[in-house]
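What you see is a predicted model, and the numbers here were worked out from it, not measured in a lab.
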Amino acid sequence: MQSLKTPKLTIVGAGPGDAELITLKAIKALKTADVVLYDALVNEELLQYAPKAEIIFVGKRSGCHAYTQDQINDLIVSMANRYGHVVRLKGGDPFVFGRGSEEIEYVEKFGLKTEIVPGISSALGVPSSVGISLTERLVADSFWVITGTTSNHELSKDVHLASKSNATVVILMGMHKLEEIVTIYKQNRADDLPIAIIQNGTKDTEQKVVGTIRTIVKLVAEHKLSSPAIIVIGEVVKNTSQLNTYFQEHFNDGLL
């Protein structure tokens, strides 16, 4: 049955994991949602803000896709036409490797109204939450945010460029490519840069390991870190308030 409501899509960033890091505007959008389509990295505590909405999980877990991207696009349109306001809830920020722009472009072809609510990207929020400043005077003037897995399932070629700079490098979705990343850094520079890996950043289940380019693969295996995690490479890792003491005390075993 066709809804009397105006078909609308709101793309909402849910933040990096901690439910308190969602924005007020995002909560307002959820409260008015008729349907919520949410991804695997979204904290499910946030669904309480959409009490009257139909809730549909469209993410992927352990490599299993609930829906393909094409199916999600079609689902947004059909649900909006049937019920009205669809909120597409995505982890982090929807325009940082979140395919938010693809979904906006697709549904606008069908005349849907659209709105975007930015979120705190894990690339920014997770390092900050553990005391890593991505930029620091006299240490790092800039930072790169790079995907570890491109659409063809390969490591982004930008890692080669970034590894040659003094910038802090943040790699998302790169845990399966960690050995390849380390090899690139060893090939492109002689110094043994600090590296931090944070799994489930900002959540109660957060785990952190700090090492260097030479030690990090072994440390990750010892402490059994896995996805979802972010990789932060650069001198800023050891020059931060919360990590400085830990880095000195636990550098050899990698524990934070």
Can you list the residues that meet the side chain to side chain contact (heavy atoms under 4.5 Å, CB included) rule with Lys28, with sequence neighbours excluded?
none

Identify, with sequence neighbours excluded, every residue that meets salt bridge (Lys or Arg N to Asp or Glu O under 4.0 Å) alongside Lys25.
Glu115

Shortest non-hydrogen separation from Val210 to Ala196 and the atoms involved:
CG2-CB, 4.0 Å

I need the full list of ring-ring contact (aromatic ring centres under 6.0 Å, His included) pairs touching residues 108-131, with sequence neighbours left out, sorted by first then second residue.
Tyr106-Phe110

Between Ile231 and Val170, is there a side-chain heavy-atom distance shorter than 4.5 Å?
no

Residues joined to Ile120 in its hydrophobic cluster, side chain to side chain under 4.5 Å directly or through other members, sorted by chain and number, are Leu21

Quick one: salt bridge (charged side-chain N to carboxylate O under 4.0 Å, His left out) pairs with a partner in residues 49-59, sequence neighbours left out?
Asp34-Lys52

Please name the pair of heavy atoms, one in Ser163 and one in Asn188, separated by the smallest distance, quoted to 0.1 Å.
OG-ND2, 2.8 Å

Could you work out, with side chain to side chain contact (heavy atoms under 4.5 Å, CB included) as the rule, every residue matching His176, not counting sequence neighbours?
Ser227

With sequence neighbours excluded, give me every side-chain hydrogen bond (donor to acceptor under 3.5 Å, both in side chains) pair touching residues 13-23.
none

My understanding is that only residues two or more places apart in sequence, or in another chain, count here; which of them pass salt bridge (Lys or Arg N to Asp or Glu O under 4.0 Å) with Asp204?
none

Counterpart residues, salt bridge (Lys or Arg N to Asp or Glu O under 4.0 Å), relative to Glu103 (two or more places apart)
Arg88, Lys90

Taking salt bridge (Lys or Arg N to Asp or Glu O under 4.0 Å) as the test, write out the residues that go with Glu179, two or more places apart.
none

Sort and list the pairs that fulfil salt bridge (charged side-chain N to carboxylate O under 4.0 Å, His left out) and have at least one residue in residues 152-178, not counting sequence neighbours.
none

Ile230 and Ser122: which non-hydrogen atoms are nearest, and at how many Å?
CD1-O, 3.8 Å

Which residues share a side-chain hydrogen bond (donor to acceptor under 3.5 Å, both in side chains) with Asp191, sequence neighbours left out:
Arg189

